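One structure below.
The basis for the numbers below is simple: all heavy atoms, side chains too, and nothing from hydrogens, waters or symmetry mates. These figures come from a predicted structure and were not determined experimentally. For this chain, numbers begin at 1 and follow the sequence in order.
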Amino acid sequence: MAEGLGLKGPRGWAFRDVSLRAGAGALVALEGPSGTGRTCLLLALTGRMKTQEGHAEVGGLRLPRKMAAVRRIAGLGQVPGVSELDPSLTVAEHLRERALLQRRFDGSVRALLRRPGTRAAEARARIAEALAAAGLDLAALPKGERTSVRDLERLEALRLSIALALMGRPRLIGVDDTDLKLSDADRAEAWALLRAVAAGGTTVLAVCSEAPADALRITTVGTAAATPATGPAEPTEPGTAAGPGTAAGPGTATEPTAVTEPAAAEEPAETAETTPATEPAAAEGPAAATEDDITEEGAADALAETGRA
């Protein structure tokens, strides 16, 4: 659940006024063009970015206050600059590394004291379970589990990133660029995979350029040229943006409100003949974005800060 959620970067808002409700096992598609705050919204809802407006709840944990707790129950697939696969490592090395990290940071003290053979068997079982859920067949890869990530097809890399996220048995999983550089057939397989994950009870947040019809759709849009408002704006349809760069999905907690753009500044009055010449008037054209506009730069800055963290 999210209500009035907004995140601001150094150069503007990445997204604003996002409201949605999704139950356990839902498939939520964050749809929109690149640079409209889709990835920032994904990272905010998985506890990786701190919002400045509104609030959200994930598994009963309130954001942004309980970000660390949300991160423990929310997994991430491949997100550029945040959780990328290492192209120099093999598939097996990625899986073993994630199993070690899972045992070290998410396991109980009692689990650390178990015999090495028992721990190894549990790690193998967890890896096998995640691979089956992600539909990744190691035997079908060019070099099996020794295949380098750089040699994987786009859909195979997506399956591997989802398998790594599922090893933590999360209640929520976020996937970025779900349909990027995929053929129609591969895109259909990717969405079928995410539906299967959601059917298992894990809520799925998927960033995409075009959402499937059966997904809960949250649409983000970029800012347009500012023009004076001449009348009340029409309310948006469910699942579309409620304003520039904002998103609102079906079942939102608040009704869409009219958004007006700042009025254009009046032209200065003419001065007397004895007054020195004034500065030349600005050339006509689209009005500059205001501080409240949702900008691509704002989203990029927010993502850069998260990558550095």
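The two residues G47 and V70 come nearest to each other via the heavy atoms N-CG1, 3.9 Å. Of all the heavy atoms in A44 and F15, the pair that sits closest is CB-CZ, 3.9 Å. A99 approaches I127 most closely through the heavy-atom pair CB-CD1, 4.3 Å. Nearest heavy-atom pair, P33 versus T36, reported as atom, atom and distance to 0.1 Å: O-OG1, 2.7 Å. Here the closest heavy-atom approach between residue A165 and residue G77 is recorded as CB-N, 4.2 Å.
Scored by the side-chain contact (heavy atoms from CB on, under 4.5 Å) test, A69 finds L61, K66, R72 as partners (sequence neighbours excluded). For R171, there are no side-chain hydrogen bond (donor to acceptor under 3.5 Å, both in side chains) partners at least two apart in sequence or on another chain. A search for side-chain hydrogen bond (donor to acceptor under 3.5 Å, both in side chains) contacts involving E97 returns nothing, not counting sequence neighbours. With sequence neighbours excluded, the residues that form a salt bridge (charged side-chain N to carboxylate O under 4.0 Å, His left out) with R169 are E129. Applying the side-chain contact (heavy atoms from CB on, under 4.5 Å) criterion to A29, with sequence neighbours excluded, gives W191, C208, A211, A215. Here D86 pairs with S88 under the side-chain hydrogen bond (donor to acceptor under 3.5 Å, both in side chains) rule; sequence neighbours left out. With sequence neighbours excluded, the residues forming a side-chain contact (heavy atoms from CB on, under 4.5 Å) with A92 are T90, R96, E145, listed by chain and number. With sequence neighbours left out, the side-chain hydrogen bond (donor to acceptor under 3.5 Å, both in side chains) criterion links R187 to D184.
Contact annotation: the side chain of L172 never approaches that of I73 to less than 4.5 Å [non-hydrogen atoms, C-beta and beyond]. Contact annotation: the side chain of R38 never approaches that of L41 to less than 4.5 Å [non-hydrogen atoms, C-beta and beyond]. Side-chain contact between L7 and V18: absent, with no pair of heavy atoms (C-beta onward) separated by less than 4.5 Å.
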Please list, one pair per line, the donor and acceptor atoms closer than 3.5 Å that link side chains of residues 149-158 to other protein atoms, with sequence neighbours excluded.
from	atom 1	to	atom 2	distance (Å)
R154	NE	L180	O	3.2
R154	NH2	D177	O	2.4
E156	OE1	E153	N	2.9

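Linking Ile, Leu, Val, Met, Phe, Trp and Tyr residues whenever their side-chain heavy atoms come within less than 4.5 Å places V79 and L63 in a single cluster. M49 and L30 end up in the same hydrophobic cluster when Ile, Leu, Val, Met, Phe, Trp and Tyr side chains are linked at under 4.5 Å. Residues L166 and L193 are members of one and the same hydrophobic cluster, defined by side-chain heavy-atom contacts under 4.5 angstrom among Ile, Leu, Val, Met, Phe, Trp and Tyr. Residues L194 and L160 do not share a hydrophobic cluster, clusters being chains of Ile/Leu/Val/Met/Phe/Trp/Tyr side chains in contact below 4.5 Å. L45 and L42 end up in the same hydrophobic cluster when Ile, Leu, Val, Met, Phe, Trp and Tyr side chains are linked at under 4.5 Å.
A distance of 13.0 Å separates CZ of R126 from CG of L131, quoted to the nearest 0.5 Å. Annotation: the span from K8 atom NZ to Q52 atom CD amounts to 8.5 Å, rounded to 0.5 Å. Rounding to the nearest 0.5 Å places OG1 of T51 at 4.5 Å from CG of L5. To the nearest 0.5 Å, atom CG of residue L164 and atom CG of residue L95 are 5.5 Å apart.
Listed by first and then second residue, the side chain to side chain donor-acceptor pair (under 3.5 Å) pairs that reach into residues 196-215 are D179-S209, R195-D214, sequence neighbours excluded. For the salt bridge (charged side-chain N to carboxylate O under 4.0 Å, His left out) condition, no pair includes a residue of residues 131-141, sequence neighbours left out. Note on residues 74-85: no pairs pass salt bridge (charged side-chain N to carboxylate O under 4.0 Å, His left out), not counting sequence neighbours.
Using modelled atom types, one finds a donor on one side chain and an acceptor on the other under 3.5 Å when comparing T219 with E31.
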Evaluate side chain to side chain contact (heavy atoms under 4.5 Å, CB included) for R71 paired with M67, printing each intermediate quantity in order.
CA-CA 6 Å; R71 287 195 294 271; M67 290 178 61; 3.8 Å; yes

Check against side chain to side chain contact (heavy atoms under 4.5 Å, CB included), Q78 and D176:
CA-CA 6 Å; Q78 185 171 354; D176 195 18; over 6 Å; no

Side chain to side chain contact (heavy atoms under 4.5 Å, CB included) between I173 and L205: does it pass, once the steps are laid out?
CA-CA 6 Å; I173 183 172; L205 296 176; over 6 Å; no

Stepwise, does the side chain to side chain contact (heavy atoms under 4.5 Å, CB included) test hold for L76 with L43?
CA-CA 9 Å; L76 272 187; L43 294 174; 3.9 Å; yes

